[in-house]
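In what follows, a structure is listed as structure tokens, so that the remarks can point back to it.
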There are 2 protein chains.
Amino acid sequence: MEVTKVENQRLAIQKKIDKVLCSKEEIESCCPIKDILARFGDKWSIYTILTLGKEEKLRFNELKNQINGVSQRMLTVTLRSLEEDGLVSRQVYPEIPPRVEYSLTPLGQGLLLQLLQLADWAKLNIDQILEARERYAKKEKQAQLT
Amino acid sequence: MEVTKVENQRLAIQKKIDKVLCSKEEIESCCPIKDILARFGDKWSIYTILTLGKEEKLRFNELKNQINGVSQRMLTVTLRSLEEDGLVSRQVYPEIPPRVEYSLTPLGQGLLLQLLQLADWAKLNIDQILEARERYAKKEKQAQLT
DNA sequence: TCACCTAGTAACATGGAAGTAACTAAAGTT
DNA sequence: AACTTTAGTTACTTCCATGTTACTAGGTGA
């Protein structure tokens with residue numbers, strides 16, 4: 001009984017993977033998971049989403065000051081691509097000096113929740129990963145000595 | 001009552017974000033979420049994990065054939081970095097010709113589950129994102145006409 | 001008159017990821 | 001003697017994300 005339960009779980013996972021893994025033609029173009037993950041492959045998108053998640057509304061320079069180390073250009077580029085995907089909204093007030101407010105859209109907030117779930121897993125398991133890296137480094141050293 | 005509920009939820013999220021966002025010194029070195037996400041920033045890691053998730057054990061060339069478009073070099077590089085992080089295990093059988101079997105470690109299987117959750121969200125929301133992109137492209141076009 | 005403010009853009013430099021192609025070991029097959 | 005197989009490695013090139021610097025408009029305050 002227990003065995004079939006585990007086996008069923010395994011089959012369910014395989015089914016899910018099949019749905020996620022796209023056909024050979026789609027692999028470059030539309031695979032949703034790949035597309036979503038590409039959002040975080042870059043250096044600043046996560047920080048931007050997390051920072052906006054904390055504060056509801058932020059102006060350009062407020063964001064820039066809260067995201068440590070980001071340059072003007074990279075923040076602009078990051079915000080544009082997030083806006084393009086409908087994750088961040090951009091409100092321009094045509095005053096002088098100009099004022100622009102950025103905030104997460106509902107879609108962006110949904111993604112934020114997913115990110116936080118992943119972050120929970122990451123925090124729980126980061127130690128195991130760091131240990132694995134150390135073990136690997138040691139093995140490498142030994143292999144080089146031969 | 002409803003208002004305070006929503007407000008509490010918001011505070012809980014802010015707390016979580018604070019924990020995820022590292023201090024200024026840590027931002028480059030140890031931020032776990034950044035570290036985990038860096039695993040998928042590259043082109044082939046997800047496909048490798050998903051493919052291994054489907055099949056339990058696979059040899060180098062079996063993997064290469066199932067992951068459409070990957071070169072020998074990139075598969076090697078990807079597998080090494082996944083092995084380094086303890087997500088994939090590598091079993092060498094010293095025969096001739098050599099045989100090497102790759103499989104997910106328990107850690108890697110845990111990550112796979114997280115990935116599949118994210119994939120579910122991605123599938124639910126990919127249409128909204130694609131719509132947003134179209135809207136953005138239209139806006140861009142109009143702006144260029146002026 | 002001059003510097004300063006915001007929210008950027010333009011031009012250019014750079015490093016690392018990705019890709020390509022050739023090469024390897026060691027034994028078995030023809 | 002030459003060819004095949006497996007699981008890579010080495011050397012080289014290409015490309016893109018990232019980063020740096022300078023520049024902009026249009027008004028404000030000294």
Side-chain angles (χ1 to χ4, degrees), chain A residues 27-28 31 34-35 37-48 51-52 57-85 88-103 136 139-140 143-144 146, chain B residues 27-28 34-35 37-48 51-52 55 57-85 88-103 136 139-140 143-144 146:
Chain A
I27 212 162
E28 289 290 334
C31 185
K34 187 77 201 159
D35 215 316
L37 284 169
R39 259 324 114 218
F40 320 119
D42 70 296
K43 195 167 172 185
W44 301 111
S45 292
I46 321 160
Y47 294 134
T48 306
T51 305
L52 281 174
K57 267 169 202 278
L58 283 173
R59 300 180 61 178
F60 186 86
N61 277 340
E62 289 172 342
L63 260 172
K64 187 167 169 304
N65 292 333
Q66 289 201 30
I67 302 175
N68 189 254
V70 72
S71 69
Q72 253 175 357
R73 198 183 103 82
M74 290 320 295
L75 183 54
T76 308
V77 169
T78 304
L79 285 169
R80 286 291 175 283
S81 81
L82 292 174
E83 193 198 348
E84 188 182 346
D85 282 8
V88 158
S89 79
R90 181 170 180 268
Q91 261 284 14
V92 185
Y93 299 88
E95 311 165 353
I96 284 175
R99 184 157 64 97
V100 180
E101 282 182 351
Y102 292 93
S103 57
Y136 190 88
K139 251 198 219 165
E140 281 289 275
Q144 288 206 344
T146 58
Chain B
I27 212 161
E28 289 290 336
K34 188 77 201 159
D35 215 317
L37 284 168
R39 255 329 110 217
F40 319 120
D42 69 296
K43 196 167 171 184
W44 301 110
S45 291
I46 321 160
Y47 294 133
T48 306
T51 305
L52 281 175
E55 306 257 1
K57 268 168 201 277
L58 283 172
R59 301 180 61 176
F60 187 86
N61 277 339
E62 289 171 341
L63 260 173
K64 187 165 169 304
N65 292 333
Q66 291 201 29
I67 302 176
N68 188 254
V70 72
S71 68
Q72 256 175 355
R73 197 183 100 84
M74 290 319 296
L75 184 54
T76 309
V77 170
T78 303
L79 285 169
R80 285 291 177 281
S81 80
L82 291 173
E83 192 197 349
E84 188 182 346
D85 282 7
V88 157
S89 79
R90 180 169 180 271
Q91 261 283 14
V92 186
Y93 299 88
E95 312 166 353
I96 284 176
R99 184 156 64 100
V100 180
E101 282 182 350
Y102 292 93
S103 56
Y136 190 88
K139 253 198 219 165
E140 280 289 274
Q144 288 205 345
T146 60

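In what follows, chains are A, B, ... by sequence order, proteins preceding strands, each numbered from 1.
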Could you write nucleotides 6-11 of chain C as a row of B, S and -, 5' to 3', where a protein heavy atom under 4.0 Å of any base atom gives B, of only sugar-phosphate atoms gives S, and otherwise -? BBBBBB
Taking all atoms of both residues into account, what is the closest heavy-atom pair of B/Tyr102 and B/Leu52, and its distance?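 Distance-wise, the nearest heavy atoms are O-CD2, 3.5 Å.
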Give the C-alpha distance, both sets of side-chain angles, the deciding distance and a yes or no for side chain to side chain contact (heavy atoms under 4.5 Å, CB included) between B/Thr76 and B/Phe60. CA-CA 9 Å; B/Thr76 309; B/Phe60 187 86; 3.6 Å; yes
Using a cut-off of less than 4.0 Å, is there contact between a side-chain N or O of B/Trp44 and OP1 or OP2 of C/dA17?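 Negative; the distance criterion is not met.
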Rounded to whole angstrom units, what separation is found between the [atom1] atom of [X] and the [atom2] atom of [N]?
X: B/Lys43; N: D/dT14; atom1: NZ; atom2: C1'; value: 13 Å
X: A/Leu75; N: D/dG19; atom1: CG; atom2: P; value: 12 Å
X: A/Ile67; N: D/dG19; atom1: CD1; atom2: C1'; value: 16 Å
X: A/Glu95; N: D/dT28; atom1: CD; atom2: C1'; value: 14 Å
X: B/Asp42; N: D/dC16; atom1: CG; atom2: P; value: 17 Å
X: B/Asn68; N: C/dA18; atom1: CG; atom2: P; value: 17 Å
X: B/Ile96; N: C/dA26; atom1: CD1; atom2: P; value: 7 Å
X: A/Tyr47; N: D/dT18; atom1: OH; atom2: C1'; value: 15 Å

Which pairs count as salt bridge (charged side-chain N to carboxylate O under 4.0 Å, His left out) when at least one residue sits in residues 60-77 of chain B, sequence neighbours excluded?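 As it turns out, there is no salt bridge (charged side-chain N to carboxylate O under 4.0 Å, His left out) pair with a partner in residues 60-77 of chain B once direct neighbours are skipped.
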The criterion is side-chain hydrogen bond (donor to acceptor under 3.5 Å, both in side chains); which residues satisfy it with [X], sequence neighbours excluded?
X: B/Gln66; answer: B/Glu55
X: A/Arg99; answer: A/Glu95, A/Glu101
X: A/Thr51; answer: none

Nearest-0.5 Å distance, CG of residue A/Leu75 to OG1 of residue A/Thr48: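 These two atoms lie 6.0 Å from each other.
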To the nearest 0.5 Å, what is the distance between CZ (B/Arg80) and CG (B/Asp85)?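 Spacing of CZ (B/Arg80) from CG (B/Asp85) equals 13.5 Å.
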End axis versus end axis in the helix from C/dT1-D/dA30 to C/dT30-D/dA1, the angle rounded to 10°, five pairs used at each terminus: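 The end-segment axes of the helix from C/dT1-D/dA30 to C/dT30-D/dA1 are tilted 30° relative to each other.
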Can a side-chain donor-acceptor contact be found between A/Ser45 and A/Thr78 if the only test is distance below 3.5 angstrom?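 Side chains of A/Thr78 and A/Ser45: no pair found under 3.5 Å.
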